[in-house]
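Working notes, structure below.
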Amino acid sequence: MSKPSSSPTASTPIDAERPDTLLVHGDGRGDDETALAPPIHMSVTYAARDPADFADMSSRARHPRFYTRYGNPTHERVARLIARLEGGETALMTASGMGAISTVLIGLLRNGGRAVAQTSHYMGTSKMFSDLLPRFGVRVQLVEQADTAAMIRAIEADATALVMVETPSNPTMALTDLRAVAEAARRAGAISVADNTFATPLNQQPLAHGIDLVVHSATKYLGGHHDLIAGAVVGSEALVERVWETSIALGSTLGAFDAWLLLRGMRTLPLRVARANANALAVARFLEQHPAVTAVHYPGLPGHPQHALARAQMSGFGGVLSIQVRGGYAATAEFVSRLRLFTHAVSLGGVESLAVHAAAMWAGTLDEAQMRAAGVEPDLVRLACGIEASEDLIADLSQALG
Ligand code: PLP
């Protein structure tokens, strides 16, 4: 006689509050799963049990088992974790950070509508505001990110549909006052959106400051290993559903394998972010004293012009800083080429430390004056600290500075 079967696994996610436990147990194991590593749902399409089930699958928004561009069980697991971390009701996964940002902007803005954004955003986001959205009749006003009063004036100057901020911003580490901007946007009836990629939800939760939607390049800290491209949009069910409706038309769908890699990477997010925060602070303190460095831009340093704001809205200051090297473009290029542990490569947020000579990316197309006008100083280097020992990172910077 066979024994009655009992399920040894939980079908509902464990309701952990602390991120360390949430990220290990909070995505939920299926009733039929005994494997600890989650399955990768590679199937594009899912069988209906009967006609009523098919009608439900095809009409319900964001059904996770209908057609993968609409939703997928592996997306659903990772989205649950990102939403909980950010304190949002739900999250939508996308194929990249730019997939998240472009889908939000195209989904929520209309011809003739007006958006307020910042002078310094991630390059792709700036391109959306300077080129793509105006081509579709969206009016855009850009404001310097540290100037809260100017941002509020711009929001109030005319009917505003959407406000986009990125804090800390790339590559100068300037901050935006999230609460002040969120309140101004709410008064004006505008949707506020924050790119929280640099900070991560462990260091900063924009929704708790009143922002409506958070976007991420999950390629960075959330994934954490420089081995996947992904994005996420987090917020209320109603707003995320509006964005999802655009996403199924635009088709920026995250691959199931990358969703799985992201889920795996996120298990260790708190350990990695804590180390990256500590490394960046140690490196910033060392470089601040170094005679070959003329400026260190890191919100965790008491000398940062917005340190008080950083303390008010961040619980950690992140793994990215930027510095200016004495001697101009050539000396800076030489410094970057001498680095051994910091790899000269774009991106950030992975276990390996990376360095980018911002001006070198533009050297072929812009002269020094044009770069300055674009806010890229010729001697500016962005350092993204990984999880190596801080002593080794400091030794590497020390030998490269000479
Ligand atoms: N937002 C920020 C702040 C970024 O740094 C990046 C990429 O570097 C993006 C968005 C775009 O992300 P992705 O490369 O995943 O499309």
Side-chain angles (χ1 to χ4, degrees), residues 75 78-79 82 86 91-106 117-130 132 145 164-176 178 193-204 206 211 213-234 243 247 250-255 257-259 261-262 265-266 273 276 280 297 299 314 317-322 343-350 352-358 361-362 375-376 380-386:
H75 293 177
V78 71
I82 295 176
E86 286 286 2
L92 171 72
M93 302 313 302
T94 55
S96 64
M98 278 318 302
I101 292 163
S102 57
T103 306
V104 163
L105 297 178
I106 293 168
Q118 301 178 327
T119 48
S120 166
H121 276 291
Y122 171 66
M123 246 187 305
T125 309
S126 289
K127 176 100 178 140
M128 288 292 300
F129 285 112
S130 65
L132 198 136
Q145 43 272 50
M164 171 102 201
V165 299
E166 184 178 320
T167 176
S169 72
N170 185 21
T172 55
M173 309 304 291
L175 306 187
T176 306
L178 286 169
V193 183
D195 185 329
N196 205 27
T197 300
F198 268 42
T200 84
L202 297 177
N203 288 327
Q204 173 175 278
I211 293 288
L213 278 179
V214 164
V215 289
H216 272 283
S217 169
T219 312
K220 309 296 181 328
Y221 289 98
L222 300 183
H225 294 78
H226 297 138
D227 57 5
L228 64 91
I229 299 260
V233 181
V234 191
V243 176
S247 83
L250 293 180
S252 176
T253 310
L254 178 60
F257 184 62
D258 278 357
L261 274 178
L262 179 56
M266 283 179 58
V273 168
H297 309 284
M314 304 179 82
F317 305 112
V320 184
L321 63 150
S322 59
T343 303
H344 192 188
V346 294
S347 207
L348 56 111
E352 302 92 350
S353 293
L354 303 180
V356 173
H357 184 189
M361 287 206 288
W362 302 104
V376 180
L380 190 78
V381 177
R382 187 181 75 194
L383 299 173
C385 294

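Order of listing sets the numbers, starting from 1, for every ligand and every atom in it. Just so you know, these numbers come straight off a predicted model, no measurement behind them.
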* **Any N/O pair Met98/ligand 1 closer than 3.5 Å** => yes

* Structure fact -> So for Ile101 against ligand 1, with non-hydrogen atoms under 4.0 Å, the contacting part is side chain

* Nearest protein heavy atom to atom 8 (O) of ligand 1, by residue and atom, and its distance? -> Lys220 NZ, 2.7 Å

* Asked: Looking at atom 15 (O) of ligand 1, what's its closest protein heavy atom, distance included?
  -> Thr219 OG1, 2.6 Å

* State, with a plain yes or no, whether a side-chain heavy atom of Leu178 is found less than 4.5 Å away from one of Thr167. => yes

* **Euclidean distance, Met93 CE relative to Leu254 CG, rounded to 0.5 Å** => 5.5 Å

* To the nearest 0.5 Å, how far apart are OG in Ser96 and CD1 in Ile229? -> 7.0 Å

* Asked: Quick one: nearest non-hydrogen protein atom to atom 2 (C) of ligand 1, plus distance?
  -> Asp195 OD2, 3.5 Å

* To do: Determine yes or no for a side-chain-to-main-chain donor-acceptor pair under 3.5 angstrom, with His297 supplying the side chain and Met173 the backbone.
  => no

* **CA sep, side-chain torsions, deciding dist, call: Thr119, Gln145, side-chain hydrogen bond (donor to acceptor under 3.5 Å, both in side chains)** => CA-CA 7 Å; Thr119 48; Gln145 43 272 50; 3.0 Å; yes

* Could you grab the distance from atom CG of Leu321 to atom OG1 of Thr172, nearest 0.5 Å is fine? => 12.5 Å

* Is any N or O atom of Glu166, backbone or side chain, closer than 3.5 Å to an N or O atom of ligand 1? -> no

* Among protein heavy atoms, which sits nearest to atom 9 (C) of ligand 1, and what does the distance come to when rounded to 0.1 Å? -> Tyr122 CD2, 3.4 Å

